[in-house]
Amino acid sequence: MQQAGPSPPSCSSTSECFPLSHHNTAECGSETSSGPEKHEPTFPSRMRSIVSFYICYLLCLGLGLACMVCVCLWNSQWRGGFAWDGSALQFNWHPVLMVTGLVVLYGNGAVLYRVPLTWGQNKLPWKLLHATVMFLALILSIVGLCAVFGFHNDKKIPNLYSLHSWIGITAVALFAMQWVVGLAGFLLPCSPISIRALLKPVHVWMGGSILWLSIAACISGINEKLFFVLTGTQAYVDLPSEALLGNSLGVLIVAFGLVVFMILSNHKWQRPDSSPEVLAYTPLLEEEN
């Protein structure tokens, strides 16, 4: 006898074949859907991701603070302090301002959009805060350059002859261009969305590149300074206390940069797309992702 197989599912109603809870667009009775279903992360998974972010963010803040303390301690205790008179004390402002502005403030400004507390809110205030932090970092970097140029000119030392100076001046110049283009492209009301969509990947890539250049400039500058000042009985090769502090500062700067790039590269910590409700509050400054 021929056995009857299972009868195909009936299509008596659209809701039975296409349940709204799944938005399935496959044919009736088919086991495969026309596209992959998006599964929202569960609440425990979201909480683990948020907790992991804040751990990394606190580590980023702690490393940044440690960098600033070390560079200030180095130049105040071992290099004699600070002044603005063309002497070596004026030069001491250079490493302090460059590490503080071009690395610490810049890195913290870059990860500002990743903070979960900013998600689901109007993006415009956070744009303004991001631009303000970056502008402050740029001002400190420019003042740091003025300090070293003034010292070199007073002592008749040539400017921009070392690899460190080439990398540093390139980082600051690109930083200035990045800030001006970002202001014009993302904050001015007359900027069209098409221009913003075109600029955004370039802006993100350039931001990461500037941070890498800044870290390279600071590390090479620390090494160059230690080679210049540690001679004779306090030679660099003997690793006196000043050399240990300078090397430790370089390690902290690298660690800070790695944490920043870890935060920026984690897709789970990217700011979600702005919703239409959020867009409605800023009709002149349409939000992008």
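This structure is a prediction, so every number in the text was calculated from the model and none was measured.
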I would like to know whether M98 and V172 meet side chain to side chain contact (heavy atoms under 4.5 Å, CB included); could you show each step before the answer? CA-CA 10 Å; M98 302 310 280; V172 175; 3.9 Å; yes
Assess whether side chain to side chain contact (heavy atoms under 4.5 Å, CB included) is satisfied between F82 and S76, documenting all intermediate values. CA-CA 7 Å; F82 306 94; S76 61; 4.0 Å; yes
Criterion side chain to side chain contact (heavy atoms under 4.5 Å, CB included) on I157 and F149, from CA distance to verdict: CA-CA 9 Å; I157 300 174; F149 278 117; over 6 Å; no
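Annotation for G185 and S191: closest pair O-OG, 2.7 Å, computed over non-hydrogen atoms. Of all the heavy atoms in C70 and L249, the pair that sits closest is CB-CD1, 3.9 Å. Nearest approach of H203 to G182, heavy atoms of both residues: CE1-CA, 4.0 Å. V96 approaches N92 most closely through the heavy-atom pair CG2-O, 3.6 Å. Contact between S220 and A217 at its shortest, heavy atoms only, is OG-O, 3.0 Å. Closest approach of C218 to V99, counting heavy atoms only: SG-CG2, 4.0 Å.
Cluster membership for V229 and W93, using ILVMFWY side-chain heavy atoms within less than 4.5 angstrom, is shared. No single ILVMFWY cluster, assembled from side-chain heavy atoms under 4.5 Å apart, contains both L187 and V204. Residues V180 and V202 do not share a hydrophobic cluster, defined by chaining ILVMFWY side chains whose heavy atoms lie under 4.5 Å apart. In the hydrophobic cluster analysis, where Ile, Leu, Val, Met, Phe, Trp and Tyr join through side-chain heavy atoms closer than 4.5 angstrom, V181 is grouped apart from L198.
The shortest side-chain heavy-atom distance between W78 and L230 does not fall under the 4.5 Å cut-off. The shortest distance between side-chain heavy atoms of W84 and L89 does not fall below 4.5 Å. A heavy-atom distance below 4.5 Å is found between the side chains of E224 and S162.
Judged by the 6.0 Å and 45° rule, K127 forms no cation-pi pair with Y113.
Checking side-chain atoms of N108 against main-chain N and O of V104 turns up a donor-acceptor pair under 3.5 Å. Not one N or O on the side chain of D154 forms a donor-acceptor pair closer than 3.5 Å with the backbone of G150. Of the possible polar contacts, none joining the T100 side chain to the L97 backbone as a donor-acceptor pair under 3.5 Å is found.
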Going by atom type alone, with no hydrogens or angles, which donor-acceptor pairs under 3.5 Å involve a side-chain atom of residues 47-69 and a protein atom two or more places apart or on another chain?
unit_1: S49; atom_1: OG; unit_2: W269; atom_2: NE1; d: 3.1
unit_1: S52; atom_1: OG; unit_2: R48; atom_2: O; d: 2.8

Which donor-acceptor pairs under 3.5 Å do side chains of residues 132-148 form with protein atoms, sequence neighbours excluded?
unit_1: T132; atom_1: OG1; unit_2: L128; atom_2: O; d: 2.7
unit_1: S141; atom_1: OG; unit_2: A137; atom_2: O; d: 2.8

Give every donor-acceptor pair under 3.5 Å between a side-chain atom in residues 252-266 and any protein atom, sequence neighbours left out.
unit_1: S265; atom_1: OG; unit_2: F261; atom_2: O; d: 2.8
unit_1: S265; atom_1: OG; unit_2: M262; atom_2: O; d: 3.2
unit_1: N266; atom_1: OD1; unit_2: K268; atom_2: N; d: 2.9

I'd like a table of donor-acceptor pairs (distance under 3.5 Å, sequence neighbours excluded) in which one partner is a side-chain atom from residues 205-215, with atom names and distances.
unit_1: S209; atom_1: OG; unit_2: W205; atom_2: O; d: 3.0
unit_1: S214; atom_1: OG; unit_2: L102; atom_2: O; d: 3.4
unit_1: S214; atom_1: OG; unit_2: I210; atom_2: O; d: 2.8

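To the nearest 0.5 angstrom, Q270 atom CD is 5.0 Å from R114 atom CZ. In this structure, CG on L226 lies 10.0 Å from CG on L244, to the nearest 0.5 angstrom. Atoms CD1 and CG, from I169 and L160 in turn, are 5.5 Å apart once rounded to the nearest 0.5 Å. Distance check, rounded to the nearest 0.5 Å: CE of M177 to CG of L174 gives 6.0 Å.
Considering only residues two or more places apart in sequence or on other chains, N223 meets the side chain to side chain donor-acceptor pair (under 3.5 Å) condition with Y236. Listed by chain and residue number, Q121 satisfy the side chain to side chain donor-acceptor pair (under 3.5 Å) test with W126 (two or more places apart in sequence, or in another chain). Partners of H130 by side chain to side chain donor-acceptor pair (under 3.5 Å), not counting sequence neighbours: none found. With sequence neighbours excluded, the residues satisfying side-chain contact (heavy atoms from CB on, under 4.5 Å) with W119 are P116, R271, P272. With sequence neighbours excluded, the residues that form a ring pair (Phe, Tyr, Trp, His ring centres under 6.0 Å) with F175 are Y106. Scored by the side-chain contact (heavy atoms from CB on, under 4.5 Å) test, A197 finds no partners at all (sequence neighbours excluded). With sequence neighbours excluded, no residue forms a side-chain contact (heavy atoms from CB on, under 4.5 Å) with V251. With sequence neighbours excluded, no residue forms a side-chain contact (heavy atoms from CB on, under 4.5 Å) with P201.
Centroid-to-centroid, the aromatic rings of F91 and H94 come within less than 6.0 Å.
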